[in-house]
Amino acid sequence: MTYTTTQLDALKRALATGERRVSFADKTVEYRSVEELQAAIRTVESELARSAGAGRKRQIRVATSKGFA
C-alpha cells in the first residue's frame, strides 16, 4: 500500500491528542490501543522511507576481551 505524509501526520496528530480514530479521505480507522496506533505510525514511516530510497539503518556492535590469561 502506498502511504502519504498526510496520512502520517494524521496518525501522529491522533496519537498526540489521545484519539484512537483516524480519518483519511473517505476512510476511518479506529485503533484498539495506543500501541496499535504507534505500530501503524512505524509502518507508515518505514514505507515512506523505503519509497524515498532510504535503506534500513543497521548498527553493528563489536565486543572484545583479552580473555583469562
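One N or O on the side chain of Q7 and one on the backbone of T4 form a donor-acceptor pair closer than 3.5 Å. A donor-acceptor distance shorter than 3.5 angstrom exists from the side chain of R20 to the backbone of R32, with no hydrogens or angles considered.
The shortest non-hydrogen separation linking E36 to Y31 is OE1-CA, 3.3 Å. Across every non-hydrogen atom of A14 and L37, the tightest pair is C-CD2, 4.1 Å. Closest of all the heavy-atom pairs between A10 and V22 is CB-CG1, 3.9 Å.
To the nearest 0.5 angstrom, L15 atom CG is 4.5 Å from I41 atom CD1. Taking CG of L11 as the start and CD of Q38 as the end, the distance is 11.5 Å to the nearest 0.5 Å.
R42 and E45 are not joined by a salt bridge, as no carboxylate oxygen comes within less than 4.0 angstrom of a charged side-chain nitrogen.
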